[in-house]
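So the structure is just underneath, and the comments pick up after that.
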Amino acid sequence: MIPEDHPRYRSLAVREHLARCAQEGIVTLEGLTAHGRGEAFDYLMGEETSPAALRAEQIAAALLLSAEHPVISVNGNTAALAAGLIAGLQEASGATVEVNLFHRTSARMAKITRLLEDQGVRVLTGVPERLLPLSHDRALCLRAGIGLADVVLVPLEDGDRCQALCAMGKTVITIDLNPLSRTARAADLTIVDELTRAVPAITQFCRELHGREVTTLSKGFDNREFLQEAIGDITRRLEHALD
Ligand code: ATP
C-alpha cells in the first residue's frame, strides 16, 4: 500500500498500476522499461507541461480536427495509462481508434480492446493486413483505419513505424517525452509531454478550436522548434539542478 502523503505518490501509484497491467498481459515487460525511460525524461522536464508542449497540443488538436480520416493508434502502455482519456479524445476529435501492438497476439489484442471499450472507446476491428513496410507485427493494420488515415496520432511510438507512416504520406503526431528519440525527430509534430497530461490537453483544445483557428494552426509549424525548446528546458534544469 503506497501512503498518499508519499512525495512520489503519483509516480509510485502509476508503477503499481502498470505492474498489475503487466500481470494481466496488457502491458509487456518491455513496455515497463519503456515507461521507465519516459519517467526519466519527465523528471528532467520537471513533470509538468511546458509552454512549447502546450502549443504542440493545440496544433495536434487542429490537425486532428482538420483531418478527413484522423486515427489514434493505441498500444498496451497507452491503453493501460489512458484508456478513459482516449475515449474523451475520440469523442472530441471524431477520430477512429485502432489497436496496434509490437508484441501482438490475439489474446493481447482482445484484452486491450476490452479495456478500451470498458472505458467508452469505440475500437475499430476487422481483418488486419500488412500495409506498412515493416518486418515486425506493427506492420499489421486495418485498411479502414490506419490504412485510410491522413492524420495519425501515435503516442509512445517506435521510430521505425513512425518513419514508415511518414513515408506513406500521412501526417504523424506523436507524444514522446524523449525529444531525442527517432520517433520524436521523424514525426511531423512531436508533443514532448507525459501521455496523461497531453491527451486531456489535446481534448480540451479540440473542444475549443473553431473554423479559421483550425486552418491557421494546422499549417506553418516547425517540429524542430518544439524539440529544441524541450532540449533547452532540460538543459536549463540541469544547469540549475543544485541551486
Ligand atoms: P525510437 O525508436 O523512437 O528512438 P525508443 O526505442 O526509445 O524510440 P520505445 O521504447 O518504443 O522507443 O518508445 C517509448 C517512448 O515513449 C520513449 O521514448 C519514452 O520516452 C516515451 N514514453 C514512455 N512513457 C511515456 C509517457 N507516459 N508519456 C510520454 N512518453 C512516454
Side-chain angles (χ1 to χ4, degrees), residues 8-22 26-50 52-54 56-57 60 72-86 89 99-104 108 112 115-116 132-140 152-167 170 172-203 223-224 226-227 229-231 233-234 237:
R8 302 291 304 158
Y9 174 77
R10 191 180 136 68
S11 162
L12 296 179
V14 170
R15 287 182 187 178
E16 193 175 62
H17 170 69
L18 285 177
R20 214 176 309 118
C21 288
I26 287 165
V27 169
T28 59
L29 295 180
E30 292 82 351
L32 294 181
T33 63
H35 178 76
R37 179 180 292 161
E39 271 194 338
F41 274 99
D42 206 18
Y43 217 116
L44 293 172
M45 301 281 300
E47 296 177 316
E48 60 186 16
T49 302
S50 69
L54 196 65
E57 283 152 6
I72 307 168
S73 175
V74 174
N75 63 14
N77 280 34
T78 300
L81 291 169
L85 301 175
I86 295 293
L89 180 56
V99 178
N100 182 276
L101 306 177
F102 187 83
H103 300 279
R104 183 181 180 120
R108 237 188 123 218
I112 291 169
L115 167 66
L116 290 164
L132 270 63
L134 296 170
S135 53
H136 50 74
D137 277 352
R138 296 207 90 174
L140 289 170
V152 202
L153 172 63
V154 285
L156 326 184
E157 186 53 78
D158 68 57
D160 293 6
R161 181 160 174 265
C162 181
Q163 283 163 2
L165 290 166
C166 291
K170 299 178 190 303
V172 180
I173 308 167
T174 192
I175 301 169
D176 190 336
L177 279 158
N178 177 5
L180 307 172
S181 75
R182 290 178 308 152
T183 305
R185 287 181 288 133
D188 294 286
L189 177 65
T190 303
I191 298 165
V192 185
D193 198 4
E194 204 280 322
L195 178 77
T196 62
R197 294 195 301 268
V199 173
I202 305 169
T203 304
N223 198 42
R224 282 184 68 89
F226 294 119
L227 300 183
E229 288 197 43
I231 293 165
D233 287 342
I234 292 172
R237 286 185 64 82

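Numbers here simply count residues along the sequence, with the first being 1. What you see is a predicted model; the values in this text were computed from it and never measured. Counting convention: from 1, in listed order, for ligands and their atoms alike. Excluded from the calculations below are hydrogen atoms, water molecules and symmetry mates; all remaining heavy atoms, backbone and side chain alike, are included.
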Check ligand 1 for N or O atoms under 3.5 Å from a protein N or O and list each pair with its distance.
unit_1, atom_1, unit_2, atom_2, d
ligand 1, 2 (O), Gly159, N, 2.8
ligand 1, 2 (O), Arg182, NE, 3.1
ligand 1, 2 (O), Arg182, NH2, 2.7
ligand 1, 3 (O), Gly159, N, 3.3
ligand 1, 3 (O), Arg182, N, 3.3
ligand 1, 3 (O), Thr183, N, 2.8
ligand 1, 3 (O), Thr183, OG1, 2.5
ligand 1, 4 (O), Arg182, N, 2.9
ligand 1, 7 (O), Arg37, NH1, 2.2
ligand 1, 13 (O), Glu157, O, 3.4
ligand 1, 18 (O), Asp176, OD1, 2.9
ligand 1, 18 (O), Asp176, OD2, 3.4
ligand 1, 20 (O), Asp176, OD1, 3.4
ligand 1, 27 (N), Glu194, OE2, 2.7
ligand 1, 28 (N), Leu195, N, 2.9
ligand 1, 30 (N), Leu177, N, 3.2

Contacts of type side chain to side chain donor-acceptor pair (under 3.5 Å), residue Asp158, not counting sequence neighbours: Arg138
Under 3.5 Å: donor-acceptor pair, side chain of Asp176, backbone of Val154: no
Set of ring-ring contact (aromatic ring centres under 6.0 Å, His included) partners for Phe102, sequence neighbours left out: His136
Side chain to side chain contact (heavy atoms under 4.5 Å, CB included) against Leu12, all qualifying residues, sequence neighbours excluded: Ile2, His6, Arg8, Arg15
Main-chain N/O of Val172 paired to Asp188 side chain as donor or acceptor, under 3.5 Å: yes
Side-chain donor or acceptor of Asn100 paired with backbone N/O of Leu140 under 3.5 Å: yes
